[in-house]
Amino acid sequence: MAQTAQAEIRDEGCGDAAPWSHGSFFWNELVTRDPEAAREFYADTIGWSFDAMPMADGGTYWVAKVGDKPVGGIFEMTGPGFDGVPENWMPYLAVDDIDSRAKKAVAAGATVMRPLFDIPGIGRIAILKEPGGAAIGWITPERS
């Protein structure tokens, strides 16, 4: 189940266009302290179902789906890096070259909120704070 979810996220994201395209919104995820309550809320109100995807740190990432189509994800905020951070939705833009685009973002006034990282089977990710202060994720999805 997790490998199927990873392939669907990597290849299509949660937009209608497949494959992904540079500059388009690719994914959305909810970071929450109570993933069980969030899953229950979205299942009851929107009708989402969820697939569990194990994370490298031992946690679980929940892929939200409408039918068979992945539409977003939910993961638990744990650890001191989330102290004082309210629950929030994080959008991700697809970009063609995350490393060079992140350098351009920093040169244009953005702040890298954590070092760029890879999620095997998904892609390479940057979490940025743009010059106006909004947080956003950028991702270069792995190619099939």
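Side chains are part of it too, since the values below use all heavy atoms of this structure and drop only hydrogens, waters and symmetry mates.
The OG1 atom of Thr32 sits 13.5 Å away from the CH2 atom of Trp62 when rounded to the nearest 0.5 Å. Here Phe41 contributes atom CZ and Asp34 contributes atom CG; the two are 13.0 Å apart, rounded to the nearest 0.5 Å. If you take CZ on Phe82 and CZ on Arg33, they are separated by 8.5 Å, rounding to the nearest 0.5 Å.
Every residue meeting the salt bridge (charged side-chain N to carboxylate O under 4.0 Å, His left out) condition with Arg124, not counting sequence neighbours, appears here in chain and number order: Asp99, Asp118.
Arg114 forms a cation-pi arrangement with Phe117, by the criterion of a distance under 6.0 Å to the ring centre and an angle within 45° of the ring axis.
Counted within 6.0 Å of CD on Glu40, heavy atoms from surrounding residues, nucleotides or ligands total 12 or fewer; the atom is thus considered open. Within 6.0 Å of the CD atom in Glu130, the count of heavy atoms belonging to other residues, nucleotides or ligands exceeds 12.
Within the 4.5 Å cutoff, no side-chain heavy atoms of Met55 are placed close to those of Thr60. Side-chain contact between Trp27 and Ile139 is absent, with no heavy atoms from C-beta onward closer than 4.5 Å. Tyr92 places none of its side-chain heavy atoms less than 4.5 Å from the side chain of Ile136. The side-chain heavy atoms of Phe26 and Pro141, taken from C-beta on, include a pair separated by under 4.5 Å.
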Tell me which donor-acceptor pairs under 3.5 Å the side chains of residues 101-112 have, and how far apart each pair is, sequence neighbours excluded?
unit_1, atom_1, unit_2, atom_2, d
Arg101, NE, Asp96, OD1, 2.9
Arg101, NH2, Asp96, OD1, 3.3
Arg101, NH2, Asp96, OD2, 3.1

